[in-house]
Amino acid sequence: MSLVSGRGSQIRFGGDVDLKTVFIRLKQNESVKVRVLSVNDYVEYLSHGSYAHKIYTQPCVAPNGVECPLCIAAKSGVEGFDALYVKKRYLFAFADLEMGSIRVWECSYNQAKDLLSQIKEYEDDINEVAFNFKRTGTGTETSYKLNPILKMKGDLKDKFDKFEGGEVELSFFDDVLVPRSENMMLDVLSEAGFPMSEFFPNYLSKEVREVNNAANDEEEPAF
């Protein structure tokens, strides 16, 4: 099963994913040099998140055909937890010309709409032009812009040409969207003050599980 619910096209560029570096995360006024591979290298997925509860954005696991604890919490009627309702999020893949690898930028619907309009504006030029992908502003004033690099200097052109004809495999996006385990989702709900005994009566806290695991280890026979 795939957590991706939609994409621009079917594609062919993959490889091992390093989750420590694959995401493009920029601070104010930071930028990264990228090649836009096509107008279709983006996907939509379903997510949950509530900063008020310190439950950070993560994929909804319901598309995999399993029960999603965060969906249950969102629909529980418990005050405040409706903030965990399912939201659409987006991943855009770029060739990072400085790292020499495919990386992704994760964003909201409105951010995706804005970026896609920028990509389509330069659609006829993406095979010849690299971009500085730059963040400006903070908070609600944050924006991300693709600024064309009019002249590629030094070895930038060689790095750009390395990705000629490349597109990103759908499996790449699935490798990036690593779902949390059921226990991890239940733990964050518990830490956020959700009434676990009412909705998840079989839930064991992290501390109890650690004690049980330690006891099981002690009972294992020595050889």
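What you are looking at is a predicted structure, and each value in this text was computed from that prediction instead of being measured.
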Of all the heavy-atom pairs spanning Cys68 and Cys60, show the shortest one and how long it is.
-> SG-SG, 4.0 Å
Does a side-chain heavy-atom distance below 4.5 Å link Arg180 with Pro59?
-> yes
4.5 Å side-chain heavy-atom contact, Gln58 and Met184 = no
Is Lys162 paired with Asp158 through a side-chain N to carboxylate O contact shorter than 4.0 Å?
-> no
Side chain to side chain contact (heavy atoms under 4.5 Å, CB included) between Val22 and Phe172, worked out = CA-CA 10 Å; Val22 72; Phe172 175 85; 3.8 Å; yes
Could you tell me whether a side-chain N or O of Ser190 sits under 3.5 Å from a main-chain N or O of Asp187, the two making a donor and an acceptor?
-> no
Within a strict 4.5 Å, meaning less than it, do heavy atoms of the Glu182 and Glu67 side chains meet?
-> no
Decide whether Tyr56 and Phe81 are clustered together by the hydrophobic rule: side chain heavy atoms of Ile, Leu, Val, Met, Phe, Trp, Tyr closer than 4.5 Å, transitively.
-> no
Are the side chain of His48 and the backbone of Leu84 linked by a donor-acceptor contact shorter than 3.5 Å?
-> yes
Donor-acceptor pair, side chain of Arg103 and main chain of Thr21, under 3.5 angstrom = yes
Do Val176 and Glu106 touch side chain to side chain, with heavy atoms closer than 4.5 Å?
-> no
For Ser47, does its backbone N or O pair with a side-chain atom of Arg89 as donor and acceptor, under 3.5 Å?
-> no
Enclosure of Tyr85 OH (heavy-atom neighbours >12, cutoff 6.0 Å) | no
For the student: nearest non-hydrogen atoms of Lys134 and Asn147, plus distance = CB-ND2, 3.9 Å
What orientation do Phe194 and Phe200 show, parallel under 30°, tilted 30 to 60°, or perpendicular over 60°?
-> tilted
Specify the closest pair of heavy atoms between Val61 and Pro179, including all atoms of both residues, with the distance to one decimal.
-> CG1-CB, 3.6 Å
Are any side-chain N or O atoms of Gln118 and backbone N or O atoms of Tyr144, one a donor and one an acceptor, separated by less than 3.5 Å?
-> yes
If Ile, Leu, Val, Met, Phe, Trp and Tyr residues are connected whenever their side-chain heavy atoms lie under 4.5 Å apart, and connections chain through other members, are Phe23 and Met99 in the same group?
-> no
Side-chain touch Thr142/Arg135, heavy atoms, less than 4.5 angstrom = yes
For the student: nearest non-hydrogen atoms of Leu204 and Arg209, plus distance = O-NH1, 2.8 Å
Between Arg35 (side chain) and Leu97 (backbone), is there a donor-acceptor pair under 3.5 Å?
-> no
Near-ring test Phe131/Phe94, centroid separation under 6.0 angstrom | no
Gln111 to Cys107 - nearest heavy-atom pair and separation = OE1-CB, 3.3 Å
Val78 versus Phe199: any side-chain heavy-atom pair under 4.5 Å?
-> yes
Looking at Glu98 and Lys33, does any basic side-chain N land under 4.0 Å from a carboxylate oxygen?
-> yes
Hey, does Asp114 have a side-chain heavy atom less than 4.5 Å from the side chain of Lys145?
-> yes
Out of curiosity, Phe173 CZ to Tyr42 OH, how far, rounded to the nearest 0.5 Å?
-> 10.5 Å
Scanning both residues in full, the closest heavy-atom pair of Leu37 with Gly166 reads CB-O, 3.5 Å
